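Accompanying notes for the structure given below.
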Amino acid sequence: MKLTVRNLITILCVLLGFSANGEKTGQDSIVVSLLTCDPGREIYELCGHEAIRVRGVADGEKLDSVWNYGVFDFNQPNFVWRFVKGETDYMLAGYKFTEFLPEYILAGRGVTEQQLNISQKEARKLLDMLREESKPENREYRYNYVRDNCSTRVVDRVDDASDSRIIYPDNVKYGTFREEMRHYHRNYPWYQFGIDLALGSGIDVPITGREEMFVPVELKEKVGNARFEDGRSVIKNTAVIVADSGNAVDGPTKWYLTPLAIGVAAFILVTLLCWLQIQKIIVFRWLYFLWFGITGLAGCLVLFLVAVSTHEATSPNLLLVWLNPLQLLFAVTICFRRCRAFNIGLAWYNAAGVGCLLLVWAFQKQVANLAFFPMMGISVMLAVTYLLVSSKTNKNNEKNSFIGTGRHSSDQRHNTGRRRNVGRAKAGGRNRR
């Protein structure tokens, strides 16, 4: 986003308005607020962000700080490997509010502040908890996208600091983690396609209204309507400190570039190629190598996530019936005629196994991306085509073998008769002499 005059003025006001941090004063008063940042265009920004703001006076010193549970270090050893395995460690970091806000101003992402309606005792307790948790020996935690993240941690700490139990609205808007993700990923269908591929039925279980607060934007709404047991509102007042620019997120993906559109187009194309193979009694080995190579590589990833990764709900995953390393093996062995018997077995697996998966999918709980169905159909159709072509090839070979044997026998009888006639002629010649 461009640095406009308005944004520049806002940043300067933030910097100058809080430049007195650290000034000593004799009066103690702590104000605790929740900061909800609207979604951005990056993948990790699609659900927004949540942090805690603590400002006022503590221990006779002015402060205006932000406590952020969404900090991680790319320089950690084996970061990518640990991320894939689900062993990503995030940390709590506390820093000045002036260092937090400019990023969202420049990105045009709205920031809403909700001041908590808590006592000085509760506010002090929360600040002490945050300071203790942010120490180097305590700050890291095992990040979980839906169970333990920047949003769920904030809710938990507010609950821990409150003397009175907080009652959150129990209305359920989405019903499952996957449906909630789909709402916030709606403009990023390929990202959601990857989530639907990697995560199994564990994110399709019913969830509560509180569990829906793993998304910061939902947290803001539910906390805004929450109350303490004594009837007090949890939120004292709400203010928009950065207005949403309206262009902080990308627009919808063109329909013809979505996974479903591409999956349907691929299904139609492969259908035509399969019809051509059956008509010509030939196997397009390049087509099998390409398709089952793709599904086989995807299957290796799915198997790894099911067997090794600790990510939320990667196991069980019914897609493993369709996407598994056997498909990669099929892609390789299809290139060798000597593996024909083995390939027929793999073709039967896809025709029967993946075919049954398509039939029973509606009767189990795991929700699939709609693009999966035409793609599974491609695997079934290619397998059936291979079996039909192989069957026709066998019949033609047997027919040719039978015709060849008949010709050979007839020629043999003819040649034998001719040799006999020649023998008689030679014998007659000798008698005449």
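Sequential numbering from 1 along the given sequence is applied to the chain's residues. What you see is a predicted model, and the numbers here were worked out from it, not measured in a lab.
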Ignoring hydrogens and geometry beyond distance, is a side-chain donor-acceptor pair present between Asn369 and Gln192 at under 3.5 Å? no

Establish, yes or no, whether the cationic atom of Arg55 lies under 6.0 Å from the six-membered ring centre of Phe97 and within 45° of the ring axis. no

* Between the side chain of Arg41 and the main-chain N/O of Asn247, is any donor-acceptor distance below 3.5 Å? -> yes

Residue set satisfying ring pair (Phe, Tyr, Trp, His ring centres under 6.0 Å) with Tyr191, at least two apart, ordered chain then number -> His185

Side chains of residues 232-242: which donor-acceptor pairs under 3.5 Å do they make with residues two or more places apart or in other chains?
residue: Arg232; atom: NE; partner: Asp230; partner atom: OD1; Å: 3.3
residue: Arg232; atom: NE; partner: Asp230; partner atom: OD2; Å: 2.8
residue: Arg232; atom: NH1; partner: Asn117; partner atom: O; Å: 3.0
residue: Arg232; atom: NH2; partner: Asp230; partner atom: OD2; Å: 3.4
residue: Ser233; atom: OG; partner: Arg227; partner atom: NH1; Å: 3.2
residue: Asn237; atom: ND2; partner: Gln115; partner atom: OE1; Å: 3.1

Could you list the donor-acceptor pairs under 3.5 angstrom formed between side-chain atoms of residues 198-207 and any protein atom two or more places apart in sequence or on another chain?
residue: Asp204; atom: OD1; partner: Arg178; partner atom: NE; Å: 2.7
residue: Asp204; atom: OD2; partner: Arg178; partner atom: NE; Å: 3.3
residue: Asp204; atom: OD2; partner: Arg178; partner atom: NH2; Å: 2.9
residue: Asp204; atom: OD2; partner: Val367; partner atom: N; Å: 3.0

Let me have the donor-acceptor pairs involving side chains of residues 299-310, under 3.5 Å, with sequence neighbours excluded, atom names and distances please.
residue: Ser309; atom: OG; partner: Val84; partner atom: O; Å: 3.2
residue: Ser309; atom: OG; partner: Lys85; partner atom: O; Å: 3.1
residue: Ser309; atom: OG; partner: His311; partner atom: N; Å: 3.1
residue: Thr310; atom: OG1; partner: Lys85; partner atom: O; Å: 3.0
residue: Thr310; atom: OG1; partner: Gly86; partner atom: O; Å: 3.1

Closest heavy-atom pair, Gly40 versus Leu46, reported as atoms and distance to 0.1 Å, is O-CD2, 3.5 Å

May I ask you to check whether Tyr188 and Tyr184 place their ring centers less than 6.0 Å from one another? no

**Message:** Go through it in stages, so that I can follow the logic: the residues are Arg109 and Asp244, the test is salt bridge (Lys or Arg N to Asp or Glu O under 4.0 Å), and I'd like the CA-CA distance, side-chain angles, deciding distance and then a yes or no.
**Reply:** CA-CA 5 Å; Arg109 296 171 61 186; Asp244 191 340; over 6 Å; no

*Do Thr385 and Gln277 have side-chain N/O donor and acceptor atoms under 3.5 Å apart?*
no

I'd like a table of donor-acceptor pairs (distance under 3.5 Å, sequence neighbours excluded) in which one partner is a side-chain atom from residues 279-288, with atom names and distances.
residue: Arg285; atom: NH1; partner: Ile334; partner atom: O; Å: 2.6
residue: Tyr288; atom: OH; partner: Leu382; partner atom: O; Å: 2.7
residue: Tyr288; atom: OH; partner: Tyr386; partner atom: N; Å: 3.3

* To do: Assess the side chains of Tyr69 and Glu50: does a donor N or O sit below 3.5 Å from an acceptor N or O?
  => no

**Prompt:** Would you say the side chains of Asn68 and Tyr90 form a donor-acceptor pair under 3.5 Å?
**Reply:** no

Between Asn149 and Ser151, is there a side-chain donor-acceptor contact under 3.5 Å, judged purely by atom types and distance? no

Separation between SG (Cys274) and CG (Leu269), nearest 0.5 Å, reads 9.5 Å

**Asked** Is there a ring-ring contact (aromatic ring centres under 6.0 Å, His included) between Tyr145 and Phe177 once you walk through the steps?
**Response** CA-CA 10 Å; Tyr145 186 76; Phe177 289 123; 9.2 Å; no

Gly293 and Ala331 have their tightest heavy-atom pair at N-CB, 3.4 Å

Side chain to side chain donor-acceptor pair (under 3.5 Å) pairs touching residues 313-341, sequence neighbours excluded, are Asn317-Gln366, Trp322-Ser379, Asn324-Tyr349, Gln327-Asn350, Thr333-Asn343, Arg340-Asn394

Is it the case that the ring center of Phe330 lies less than 6.0 angstrom away from the ring center of Phe289?
no

> Glu212 side chain to Gly175 main-chain N or O, any donor-acceptor pair under 3.5 Å?
Replying inline: yes

**Request:** Would you check if there is a donor-acceptor pair between the side chains of Glu221 and Asn225 at a distance under 3.5 Å?
**Result:** no

